[in-house]
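Note: hydrogens, waters and symmetry copies are ignored here, and every other heavy atom, side chains too, is used. In the text below, chain A, chain B and the rest are named by the order of the sequence lines, each starting its count at 1. What you are looking at is a predicted structure, and each value in this text was computed from that prediction instead of being measured.
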There are 2 protein chains.
Amino acid sequence: MEPVEAGQKPLVLEESADHDVRMDGIATSIRPKRVGIKEVASLAGVSWKTVSNVVNDRPHVRPAMREKVLAAIAELGYRPNLAGRQLRQGSSMTIVLAIPEITSPYFGKLAEHVITSAESRGYTVLIEAYGEDPTREGRVLEGYQNRLIDGIIYSAQNVSPEAVKARQDPTPMVLLGERILDSGLPHVAINNNRSARELVSHLASRGRTRLAFLGDRPDVGESVAGLRLEGFQEGLLENELTFDQHLVMGVQRYSRDEGEMAALRLLNSGVPFDSVVCASDILSVGVLRAFRRRGIRVPQDVSIVGWDDIPEAEFGAPSLTSISPDIAALAEASLEQLLTVMDGRKLENVEMEIGYTLKVRESSF
Amino acid sequence: MEPVEAGQKPLVLEESADHDVRMDGIATSIRPKRVGIKEVASLAGVSWKTVSNVVNDRPHVRPAMREKVLAAIAELGYRPNLAGRQLRQGSSMTIVLAIPEITSPYFGKLAEHVITSAESRGYTVLIEAYGEDPTREGRVLEGYQNRLIDGIIYSAQNVSPEAVKARQDPTPMVLLGERILDSGLPHVAINNNRSARELVSHLASRGRTRLAFLGDRPDVGESVAGLRLEGFQEGLLENELTFDQHLVMGVQRYSRDEGEMAALRLLNSGVPFDSVVCASDILSVGVLRAFRRRGIRVPQDVSIVGWDDIPEAEFGAPSLTSISPDIAALAEASLEQLLTVMDGRKLENVEMEIGYTLKVRESSF
DNA sequence: TGGTGAACTTCTAACGTTAGAAAGAATCCA
DNA sequence: TGGATTCTTTCTAACGTTAGAAGTTCACCA
């Protein structure tokens, strides 16, 4: 293994340094050595220590010196080597955002916001789209010990509360969306119960009486879907509507396909209904397609409402009524919580609630 | 800064290490110090050098020793500290995937594939969604010198070919989608010209004669849109149709909104057309909405076709005819190219073409 | 002109890992 | 038992950064 390494690595350097190689017979093998603090120092004509002081904003550096050093830094394009810095300081300024998938519009948007928020604080975000691979989701709880990260924002999906509570890893962690009771981990989410009741009230105010709930996750304990289903039932009570267990449809996953399949099951069951509450808009998209194929008109025959307010909800035909969480606030708050824990500061609230708005669109007019 | 660190870090550690703290009066302040190679060595009763040899698979380690060391590693949950390793070896096993945005279905999917492919080879992927921030896109070309990365897969959007050619940074880079001529950089993409001609032929075979092209990027030199427009024009020639410059609509960005706005401009221009070729499906979604609002039926009045085959293309109403690139192959090939360059091996093809299929759906029936 | 700081340099050490060299210990075979 | 061979340890150095300590230079002011 070693001779291979020794034989190949230089090739890279030589190749990419082609333009720098002088053919004048003397300085042939000038390889573009990474500029370090010493190169900066010698160009600026100061000691490396002064450069370090400038870079780290330490006292006792005169403006003139600082200028000189900054100029040298700019000229050489010097950036402190993260590995060296990490090794010295023990922090990598990197956090992980663990989500089920990046492809879903909701998580994609969330990731985008977390990344920009983190960046403005000097942090880099590593995205772990763990999908349905239990190994990968397990690694989230183990804290990526081989990856040099400072904290984790974890949007759990299929993990058991026990696994979270049994977590050994000391890496600071914040839960997003999913709440794991008694885990002691900070948690950021919208109020699932209240938003579910609002959706039900909205439908009731439109004269709907037979409401279906699509997107339960019966296998998953304490899931977001569970909280929403609870709120759904409470909402029915509040509006003096009856709850029918036959109108609750579970799914394996939140995807368009699963939504379509669940809608077909619902139709085939023969139990009458006049509206569908989907635990996520991505399910609604599939439901719409199923209805369209069966000739069921939305919203004339059936209303559809959901959560997440994904772009498709706005642009689809019909457009979808949805609970629109303030994703930017969600990202900001979870990052804030995480940084608080990472700094060892005291959290003001372990539970944090994020605002949302109900966007009424064509699908429930 | 330092006293703060010293005063706060332990708080975190103590908090999460509660269960480890013995209250027997003697060993009170056991902090879960990160296990290093030395801890493993002393537990296994060998020298740290032997541990290193085991970890790095070097010769001259007897099976018995190896077992002992591996057991100690397992017991302590030791993972080599990446920072130390990086510093020593100069490689971070991390690559950057630079894309305009993660939220778009196409790039989201692509990112997902690149991440899993890279992971199977032991690499971590850092996603840089540079958006419309020129600073961030610029950083791509500068090679993230502060981040210790080994390579870059760059899906360029708004960068000038000059900027790419002027690139100084030696970090291995592969271009994805966008081709920059004469940059010498390896390039992976579908055949934009041929796929465009196929779309045109498809529409012509359906009796369409007045084809609009939506999604040109006139400000960007050598863009994917440009190549597709070229193919579009050649396709018109092949099918003996006339090209009308008034039916070419530019956009600032590939988004649903921009698609909608461009479609409205097209309608307002009054120039007749019976089909729209969109440079990206995400534009088609906006076009559909514009048409719907104006009462234009798809495909009865106008056909719509495009590229990328995003999920919305399949699930929308109507579903969209689209060129479906083999995204998995795209990800795999670009990674393969990048690793080849990183290893200093010779590339077989600097240009690499990826397969695609034309999916005919409702929007062009 | 001497004194006093501030500004700057030099020196040392450390973070965790890896690699070569050299020296020491164990094992094997004759 | 001797010598050769394989295994293991010890020693040294390096990657790039940061921080303290101690020493040097310089400018300013009394």
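- Side-chain atoms of A/I127 and A/I99, non-hydrogen and from C-beta on, do get closer than 4.5 Å to each other.
- At whole-Å resolution of the value, CG in A/D57 and C1' in D/dT17 are 16 Å apart.
- Using a 4.5 Å cut-off on side-chain heavy atoms (C-beta onward), B/L126 and A/T124 make contact.
- Between B/R62 and the phosphate of D/dT6, there is no side-chain N or O to OP1/OP2 separation shorter than 4.0 Å.
- To the nearest angstrom, C1' of C/dT18 lies 10 Å from CG of B/N53.
- The shortest non-hydrogen separation linking A/M342 to A/G151 is SD-CA, 4.0 Å.
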Inset, instruction - Show your working on side-chain contact (heavy atoms from CB on, under 4.5 Å) between B/V140 and B/M173 and close with a plain yes or no. - result: CA-CA 10 Å; B/V140 177; B/M173 178 181 273; 3.9 Å; yes
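- Looking at which nucleotide of DNA chain D each of A/A83 and B/P63 is closest to, the 5′-most match is held by B/P63.
- Comparing the end axes of the helix from C/dT1-D/dA30 to C/dA30-D/dT1, each fitted to five base pairs by superposing C1' atoms of four pairs onto the next four, gives an inter-axis angle of 40° (nearest 10 degrees).
- Considering only heavy atoms from C-beta on, A/L335 comes within 4.5 Å of A/I95 through its side chain.
- In this structure, CD1 of A/I37 is placed 15 Å from P of C/dC8, rounded to the nearest angstrom.
- The neighbour count for A/K165 NZ, taken as heavy atoms of other residues, nucleotides or ligands under 6.0 Å away, is above 12.
- In this view, A/T116 and B/R136 satisfy the side-chain contact (heavy atoms from CB on, under 4.5 Å) rule, not counting sequence neighbours.
- The nearest whole Å value for the distance from the CE atom in B/M65 to the P atom in D/dT6 is 18 Å.
- Between the CZ atom of B/R66 and the P atom of D/dT6 there is a distance of 17 Å, rounded to whole Å.
- With rounding to whole Å, A/R58 atom CZ is found 16 Å from C/dT9 atom P.
- Note: CG (A/L82) to C1' (D/dG16) measures 11 Å, nearest angstrom.
- Note on A/R121 versus A/E332: salt bridge recorded, some NZ/NE/NH1/NH2 to OD/OE distance being below 4.0 Å.
- Rounded to an integer number of Å, the gap from NE2 of B/H60 to P of C/dG20 is 11 Å.
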Pull out every protein N or O sitting under 3.5 Å from an N or O of nucleotides 10-15 of chain C, one pair per line with the distance.
| unit_1 | atom_1 | unit_2 | atom_2 | d |
| --- | --- | --- | --- | --- |
| C/dC15 | O2 | A/R88 | N | 3.2 |

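- Counting heavy atoms from C-beta on, the side chains of A/V96 and A/I153 never come closer than 4.5 Å.
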